[in-house]
Undergrad: 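Have a look at this one before I ask anything.
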There are 2 protein chains.
Amino acid sequence: MTVQGLFATEASNLGKSARTRARLMDAAVQLFARDGFEATSVNEIARQAGVVNGTFYVHFRDRDEIAAAVALAIGQNVVRQLDEAMVGIEDAVERSSLATRRFIDLAASQPDWGAALVRAVLTFRDLRDSMIAYLRADLQRGVDQGLFTVAIDDLLIDTFASMTLGALAGRLRGDFGPEAGARVSELQLRMLGVPADRAREVCGRDVPALTLELAPLPKGLAKAG
Amino acid sequence: MTVQGLFATEASNLGKSARTRARLMDAAVQLFARDGFEATSVNEIARQAGVVNGTFYVHFRDRDEIAAAVALAIGQNVVRQLDEAMVGIEDAVERSSLATRRFIDLAASQPDWGAALVRAVLTFRDLRDSMIAYLRADLQRGVDQGLFTVAIDDLLIDTFASMTLGALAGRLRGDFGPEAGARVSELQLRMLGVPADRAREVCGRDVPALTLELAPLPKGLAKAG
DNA sequence: CCCAAATTTGGGATATCTGTCAATTGTGCC
DNA sequence: GGCACAATTGACAGATATCCCAAATTTGGG
């Protein structure tokens with residue numbers, strides 16, 4: 001596996017069309033992350049992917065379509081991995097802390113994906129809404145368990161998400177180090193009404209970091225180009 | 001005063017060059033707010049300002065220069081008005097609540113300016129840093145007064161700012177109503193360690209709203225076109 | 001009121017972008 | 001190995017962008 005992106009790696013054992021599509025998506029991720037959606041042209045995506053302009057239009061109708069495809073894929077993969085990593089954890093305080101910390105570490109493990117995700121969440125309402133829905137259950141659980149003493153509504157959830165995204169953005173800018181996830185998670189717990197010493201204790205524990213990978217490949221293949 | 005923007009209003013009694021420049025800046029604010037910096041062309045700014053393309057380049061070297069000018073002016077004006085509205089308030093809890101609530105209400109009172117401000121803070125590091133510096137003093141004051149029980153560092157301040165900006169963005173999207181400022185301020189105070197009942201009490205009080213206006217004009221002029 | 005200086009205009013040279021299509025090349029199935 | 005079909009190429013038309021500049025217009029001090 002060379003420096004190719006995650007999509008291309010995943011598609012490396014598929015047909016040519018899928019591989020080209022994956023390279024276009026990897027190129028789009030990089031450029032979206034660096035320049036934003038609006039500033040990225042179809043031409044540039046094609047050039048970065050090493051194909052000619054016309055090829056792009058075989059795979060995507062226009063820039064919006066590839067943007068949606070990329071945003072959806074990133075969002076789904078991050079949520080899926082987070083979900084898998086949290087099965088069996090019942091305590092809402094633990095879940096909240098794990099979700100925030102792993103989300104940040106996961107997205108920061110692939111800066112291009114992380115930056116594209118931040119931009120996508122700010123740009124695409126659908127993506128934001130779907131990721132926010134994921135949060136609601138955990139926060140409500142904390143209220144049901146009597147651990148959070150705050151009303152769970154859209155504003156609370158949105159604010160919680162803003163804190164997480166802000167810390168992720170700071171990490172991607174290089175302003176914060178790996179401790180950012182634990183720190184912001186502690187602040188979130190305090191906000192929710194968890195006693196300060198419990199918040200500190202939970203966030204002081206190490207969590208094993210995840211690294212971003214796509215849905216696992218079929219069997220024992222996954223050879224490199 | 002017609003529907004002209006704030007810059008043009010301010011410049012209405014100045015020379016022609018200043019007025020044209022102001023109209024370009026108003027146009028840029030509107031377009032940046034609607035489409036973002038990257039997606040806005042110089043052509044479009046000039047058209048929206050009612051001048052011909054070439055005129056733009058008399059006043060600004062390129063799009064980045066007008067973006068910086070607009071971001072700086074918006075930031076300075078918002079900070080100046082906030083500052084003026086808080087003289088004489090000593091209690092850090094009150095100051096924190098007032099700052100958040102007035103910031104949000106102020107920026108929401110002129111949605112174009114608000115949206116441009118949100119985008120600018122996310123785009124221009126200088127602007128973010130200067131607005132964040134403004135926060136630090138108030139948060140540190142709260143620690144000194146024994147009211148906040150959290151360490152004041154870059155991450156805390158950045159997180160506090162993310163919460164405020166997130167709530168502002170939600171208001172501009174129409175997701176939240178005028179109560180958003182008070183709600184998020186209460187969450188911030190809880191995060192900082194203010195007891196929940198005191199946070200609720202402070203944020204339950206009404207604050208007189210400010211409306212955005214630029215530095216006052218010289219004397220009794222300010223005629224409308 | 002007049003004129004020099006300041007300002008704006010309109011259009012042009014050049015570059016890039018989008019989206020399409022006929023022609024070419026490559027793939028994989030039989 | 002060869003063939004039918006899928007995928008890619010490269011070029012192009014039309015739109016729009018940037019940046020520049022000589023000519024025309026407007027401004028404001030004398």
Side-chain angles (χ1 to χ4, degrees), chain A residues 4-5 7-8 10-32 34-70 123 218-219 221 223-225, chain B residues 4-5 7-8 10-28 30-32 34-70 123 218-219 221 223 225:
Chain A
Q4 65 187 326
F7 289 124
E10 180 190 33
S12 61
N13 58 332
L14 300 176
K16 175 157 203 175
S17 179
R19 275 178 284 143
T20 301
R21 191 185 153 93
R23 281 165 60 204
L24 284 165
M25 288 179 72
D26 280 325
V29 168
Q30 274 185 254
L31 295 169
F32 289 162
R34 199 187 64 194
D35 304 328
F37 295 105
E38 310 290 9
T40 300
S41 71
V42 168
N43 269 2
E44 218 178 346
I45 295 172
R47 200 182 321 130
Q48 175 84 17
V51 298
V52 125
N53 155 302
T55 302
F56 177 93
Y57 292 95
V58 175
H59 297 277
F60 301 97
R61 191 161 356 102
D62 54 21
R63 194 188 47 181
D64 281 354
E65 193 171 285
I66 196 175
V70 161
T123 305
K219 282 284 150 38
L221 341 142
K223 62 181 290 286
Chain B
Q4 65 188 323
F7 289 124
E10 180 189 36
S12 60
N13 59 331
L14 299 176
K16 175 157 204 173
S17 180
R19 274 178 284 142
T20 300
R21 190 184 153 93
R23 280 165 59 204
L24 284 164
M25 289 178 72
D26 279 324
Q30 277 185 252
L31 294 170
F32 289 162
R34 198 187 64 193
D35 304 327
F37 295 105
E38 310 290 8
T40 300
S41 71
V42 168
N43 268 4
E44 217 178 348
I45 295 172
R47 199 181 323 129
Q48 174 84 18
V51 298
V52 127
N53 155 309
T55 302
F56 177 92
Y57 291 94
V58 176
H59 296 277
F60 301 98
R61 191 162 358 102
D62 54 22
R63 195 185 46 180
D64 280 354
E65 192 172 286
I66 195 175
V70 161
T123 304
K219 282 283 151 37
L221 343 143
K223 63 182 288 289

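Values below: every heavy atom of this structure, side chains too, minus hydrogens, waters and symmetry copies. Values in this document were obtained by computation on a predicted structure and should not be read as measured data. To find a chain, count down the sequence lines: A is the first, B the second, and so on, and within it residues start at 1.
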Undergrad: Just the table, please: protein N/O against nucleotides 24-30 of chain C N/O, every pair under 3.5 Å.
TA:
none

Undergrad: For D:dC20, does either OP1 or OP2 sit under 4.0 Å from a side-chain N or O belonging to B:Y57?
TA: no
Undergrad: Expressed in angstrom and rounded to an integer, what is the separation of A:D35 atom CG from C:dC17 atom P?
TA: 12 Å
Undergrad: What residues, two or more places apart in sequence or in another chain, satisfy salt bridge (Lys or Arg N to Asp or Glu O under 4.0 Å) together with A:R47?
TA: none
Undergrad: By side chain to side chain contact (heavy atoms under 4.5 Å, CB included), which residues pair with A:S17, not counting sequence neighbours?
TA: A:H59
Undergrad: Could you tell me how far apart A:E65 (CD) and C:dG19 (P) are, to the nearest whole angstrom?
TA: 11 Å
Undergrad: Taking CD from A:E44 and C1' from C:dT16, how many angstroms apart are they, rounded to a whole number?
TA: 11 Å
Undergrad: Collect all protein-nucleotide pairs involving nucleotides 14-16 of chain D in which both atoms are nitrogen or oxygen and the distance is under 3.5 Å.
TA:
none

Undergrad: Donor-acceptor pairs are to be reported for all side-chain atoms of residues 23-31 of chain A against protein atoms at under 3.5 Å, with residues two or more places apart or in another chain.
TA:
from  : atom 1 : to    : atom 2 : distance (Å)
A:R23 : NE     : A:A49 : O      : 3.4
A:R23 : NH2    : A:A49 : O      : 2.7
A:D26 : OD1    : A:L6  : N      : 3.3
A:D26 : OD1    : A:F7  : N      : 3.1
A:D26 : OD2    : A:F7  : N      : 3.4
A:D26 : OD2    : A:A8  : N      : 2.7
A:Q30 : OE1    : A:Q48 : NE2    : 3.4

Undergrad: Could you tell me how far apart B:F56 (CZ) and D:dC21 (C1') are, to the nearest whole angstrom?
TA: 17 Å
Undergrad: CZ of A:F60 versus C1' of C:dT20: gap in Å, rounded?
TA: 18 Å
Undergrad: Kindly point out which of C:dT9, D:dA7, C:dT8 is positioned nearest to the side chain of B:H59?
TA: C:dT8
Undergrad: Using distance only, find each side-chain donor-acceptor pair of residues 60-69 of chain A under 3.5 Å and give its atom names and separation, not counting sequence neighbours.
TA:
from  : atom 1 : to    : atom 2 : distance (Å)
A:R61 : NH2    : A:E65 : OE1    : 2.8
A:D62 : OD1    : A:D64 : N      : 3.3
A:D62 : OD1    : A:E65 : N      : 3.1
A:R63 : NH1    : A:F37 : O      : 3.2
A:R63 : NH1    : A:E38 : O      : 3.1
A:R63 : NH1    : A:T40 : O      : 3.0
A:E65 : OE2    : A:R61 : N      : 3.3

Undergrad: Supply the atom-to-atom distance A:N43 CG to A:I45 CD1, rounded to the nearest 0.5 angstrom.
TA: 9.5 Å
Undergrad: What's B:V42 touching, base or sugar-phosphate or nothing? Going by heavy atoms closer than 4.0 Å.
TA: sugar-phosphate
Undergrad: With B:D35, which residues qualify under side chain to side chain donor-acceptor pair (under 3.5 Å), at least two apart?
TA: none
Undergrad: Rounded to the nearest Å, what distance is computed from the CD1 atom of residue B:I66 to the P atom of nucleotide D:dC19?
TA: 13 Å
Undergrad: Can you pull every protein N or O that's under 3.5 Å from an N or O on nucleotides 10-13 of chain D?
TA:
none

Undergrad: How does DNA chain D look in dot-bracket form if you count Watson-Crick and G-U pairs under 3.5 Å, write [ ] for pairs that cross, and put | where a base pairs with another strand?
TA: ||||||||||||||||||||||||||||||
Undergrad: Strictly below 4.0 Å: does B:T20 bring a side-chain N or O up to OP1 or OP2 of C:dT7?
TA: no
